[in-house]
A.B. asks: 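Here you go, one structure.
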Amino acid sequence: RKPVYEPEWSAQFAERIMDAEIDINGILDRSEISLGDLLGMSDGDLIPIGQNRTAEFYAEHLCLFDAMIGVSNGRVSAKIVPTEPGAQWN
């Protein structure tokens, strides 16, 4: 049986898929601390973040893009920059 192509159905499907929401994660920095230091942390303690001005954004462990961190209209923001497609989250 030959599949039937229905342009109207395909257009509606594509439109609905573009409205689907996904979770993304942004990683500002990676740090290593001892388990003892981690267990000793409490409210108000600070975890130092390096001078890295870029963040990596992922969806389901797949790298979507890198971004430069800055401020726009008084809010911390991320500006997308070129990245290596398909990089994996370690």
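Excluded from the calculations below are hydrogen atoms, water molecules and symmetry mates; all remaining heavy atoms, backbone and side chain alike, are included. Residue indices begin at 1 and follow the sequence shown.
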A.B. asks: Among pairs that include at least one residue of residues 17-36, which meet ring-ring contact (aromatic ring centres under 6.0 Å, His included), considering only residues two or more places apart or in two chains?
C.D. replies: none
A.B. asks: Output all residues satisfying side chain to side chain donor-acceptor pair (under 3.5 Å) with D29, sequence neighbours left out; order by chain, then residue number.
C.D. replies: none
A.B. asks: For I80, check side-chain contact (heavy atoms from CB on, under 4.5 Å) against everything at least two apart and list the hits.
C.D. replies: F65
A.B. asks: Give, for atom CG of L28 and atom OG of S31, the distance between the pair rounded to the nearest 0.5 Å.
C.D. replies: 10.0 Å
A.B. asks: Using the side chain to side chain donor-acceptor pair (under 3.5 Å) criterion, which residues pair with T54? Sequence neighbours excluded.
C.D. replies: N52
A.B. asks: Roughly how far apart are I24 CD1 and L62 CG, rounded to 0.5 Å?
C.D. replies: 12.5 Å
A.B. asks: Once you round to the nearest 0.5 Å, how far does SG of C63 lie from CG of N25?
C.D. replies: 11.5 Å
A.B. asks: Do I47 and L39 belong together in a cluster built from hydrophobic side chains that touch within less than 4.5 Å?
C.D. replies: yes
A.B. asks: Under the side chain to side chain donor-acceptor pair (under 3.5 Å) rule, collect the residues that match up with S10, sequence neighbours excluded.
C.D. replies: none
A.B. asks: Are there over 12 heavy-atom neighbours, none belonging to D43, within less than 6.0 Å of that residue's CG?
C.D. replies: no
A.B. asks: Sorted by first residue and then second, give each side chain to side chain donor-acceptor pair (under 3.5 Å) pair with at least one member in residues 73-82; sequence neighbours left out.
C.D. replies: none
A.B. asks: If you group Ile, Leu, Val, Met, Phe, Trp and Tyr whenever their side-chain heavy atoms sit less than 4.5 Å apart, what else falls in with I17?
C.D. replies: W9, F13, M18
A.B. asks: Kindly say whether M68 contributes a backbone atom to a donor-acceptor pair with the side chain of R53 at under 3.5 angstrom?
C.D. replies: no
A.B. asks: For the residue pair Y58 / E56, report whether a side-chain donor-acceptor contact shorter than 3.5 Å exists.
C.D. replies: yes
A.B. asks: Above 12 or not: heavy atoms from other molecules or residues under 6.0 Å from CG of D45?
C.D. replies: yes
A.B. asks: According to side-chain contact (heavy atoms from CB on, under 4.5 Å), who are the partners of L38, at least two apart in sequence or on a separate chain?
C.D. replies: I33, L35, M41
